[in-house]
2 protein chains.
Amino acid sequence: MVGIVAGMAMHEPTFFILTALAEGPQHGYGVMQTVARLSGDRVTLRAGTLYAALDRLTTEGLLTVDREEALQGRLRRYYRLTDAGSAALGAEVVRMRSAASMAAARLRTHGGFALAAGGATLAASGLALAAGGAA
Amino acid sequence: MVGIVAGMAMHEPTFFILTALAEGPQHGYGVMQTVARLSGDRVTLRAGTLYAALDRLTTEGLLTVDREEALQGRLRRYYRLTDAGSAALGAEVVRMRSAASMAAARLRTHGGFALAAGGATLAASGLALAAGGAA
DNA sequence: GCCACTATACCGACCATCGGTATATACAAA
DNA sequence: TTTGTATATACCGATGGTCGGTATAGTGGC
């Protein structure tokens with residue numbers, strides 16, 4: 001079973017969990033807060049989603065347990081990205097960018113519609129991303 | 001004034017169906033082929049996924065039936081994006097780009113892993129890792 | 001006659017996510 | 001004191017989009 005990467009797109013909560021951990025190890029509850037912050041409170045992970053995903057991603061080899069701290073009897077389990085996890089997140093970034101530019105191009109040819117409300121911002125971010133990728 | 005979708009991320013097949021229709025009306029089977037072509041055969045829609053999605057998106061107001069052609073007794077139902085559908089796809093493009101740049105930035109600060117090497121190399125390494133992990 | 005292609009459509013199964021709940025500790029407010 | 005909120009992990013049933021397969025039906029090739 002490949003599944004892990006192979007081009008299969010990941011769901012948004014999964015993507016945000018990996019993104020939250022990309023900067024360094026964090027424990028579950030910290031991931032929950034980071035994801036909320038990163039997404040501007042748009043994605044608020046449920047406990048069920050979070051811990052199920054952490055277990056699943058660990059099994060898949062994208063995450064690993066960094067360390068466990070016993071804080072006043074409460075357990076704090078820190079997770080971090082494995083190399084495979086970084087690669088998977090990186091591949092997802094590439095996939096998202098290519099899909100986004102494909103859709104944007106087709107929306108443009110369609111005519112009338114020009115990327116609602118975010119035209120300038122979108123173009124700017126696109127150029128910035130292109131520059132970053134090329135550097 | 002995006003608003004319509006409220007930020008909920010769509011799944012990849014749904015995204016590709018909207019993208020396929022962004023250039024102009026197509027019938028179901030045509031969408032299936034366009035999606036396969038756009039994704040380089042990575043996303044091959046199953047009949048169940050396709051027609052269920054077309055129905056669902058029509059109910060949600062993102063698609064509408066453009067026309068129906070009776071071709072030698074066979075029905076050809078053409079769908080097209082509504083304004084809401086174009087807006088939803090545009091919003092999704094913005095969301096994907098912002099999420100991608102966020103993840104890329106965090107991967108960079110992490111140090112070890114850099115996107116600088118380029119998309120193709122990155123994708124290749126991801127696939128290589130997947131193949132290795134399968135063993 | 002059989003198979004592949006076009007074309008729409010239904011069905012059961014899978015699984016990630018959602019929403020809720022349970023557990024336990026600490027600290028602040030009523 | 002009791003309640004409520006925040007931290008922190010974890011289980012449970014329900015939902016829903018996708019997957020994989022199948023049904024139907026006409027066309028064209030071998």
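Sequence lines set the chain letters: A, B, ... in the order given, protein chains first and strands last, and positions in each chain run from 1.
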Could you state the atom-to-atom distance from [atom1] of [X] to [atom2] of [N] in whole Å?
X      : N       : atom1 : atom2 : answer
L54(B) : dA9(C)  : CG    : P     : 9 Å
I17(A) : dC18(C) : CD1   : C1'   : 13 Å
R67(B) : dT8(C)  : CZ    : P     : 12 Å
Q26(A) : dA8(D)  : CD    : P     : 11 Å
Y78(A) : dA8(D)  : OH    : C1'   : 11 Å
R76(A) : dA10(D) : CZ    : C1'   : 17 Å
R42(A) : dC18(C) : CZ    : P     : 11 Å
R77(A) : dA8(D)  : CZ    : P     : 13 Å

Residues two or more places apart in sequence or in another chain: which of them pass side-chain hydrogen bond (donor to acceptor under 3.5 Å, both in side chains) with T82(A)?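 T82(A) satisfies side-chain hydrogen bond (donor to acceptor under 3.5 Å, both in side chains) with no other residue.
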Can you name the residues that form a side-chain hydrogen bond (donor to acceptor under 3.5 Å, both in side chains) with Y78(B), not counting sequence neighbours?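 For Y78(B) the side-chain hydrogen bond (donor to acceptor under 3.5 Å, both in side chains) partners, ignoring immediate neighbours, are R76(B).
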What residues form a salt bridge (Lys or Arg N to Asp or Glu O under 4.0 Å) with R46(A), not counting sequence neighbours?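 If we apply the salt bridge (Lys or Arg N to Asp or Glu O under 4.0 Å) test to R46(A), skipping adjacent residues, there are no hits.
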To the nearest 0.5 angstrom, please state how far the CE atom of M10(B) sits from the CG atom of L89(B).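 With rounding to 0.5 Å, CE (M10(B)) is 6.5 Å from CG (L89(B)).
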Separation between CG (L62(A)) and CG (L81(A)), nearest 0.5 Å, reads 8.0 Å
If a pair satisfies side chain to side chain donor-acceptor pair (under 3.5 Å) and one of its residues is in residues 47-64 of chain B, list it, with sequence neighbours excluded.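 Applying side chain to side chain donor-acceptor pair (under 3.5 Å) to every pair that reaches into residues 47-64 of chain B, excluding sequence neighbours, yields T14(B)-R56(B).
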Within the structure, does a side-chain N or O atom of Y51(A) lie under 4.0 Å from either OP1 or OP2 of dT9(D)? yes
List for me each residue that meets side chain to side chain contact (heavy atoms under 4.5 Å, CB included) alongside [X], sequence neighbours excluded, and say none if there are none.
X       : answer
A100(A) : V93(B), M96(B), R97(B)
S39(A)  : F16(A), R42(A), V43(A)
Q33(A)  : Y29(A)

Strictly under 4.0 angstrom, non-hydrogen atoms only: write out the protein contact profile of nucleotides 13-24 of chain D, one letter per nucleotide from the 5' end, B, S or -. ----SSBBB---
Under 4.0 Å, heavy atom to any atom of DNA chain D: which of residues 27-36 of chain A qualify?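 The stretch gives H27(A), G28(A), Y29(A), Q33(A) as the residues lying under 4.0 Å from the strand, ordered by number.
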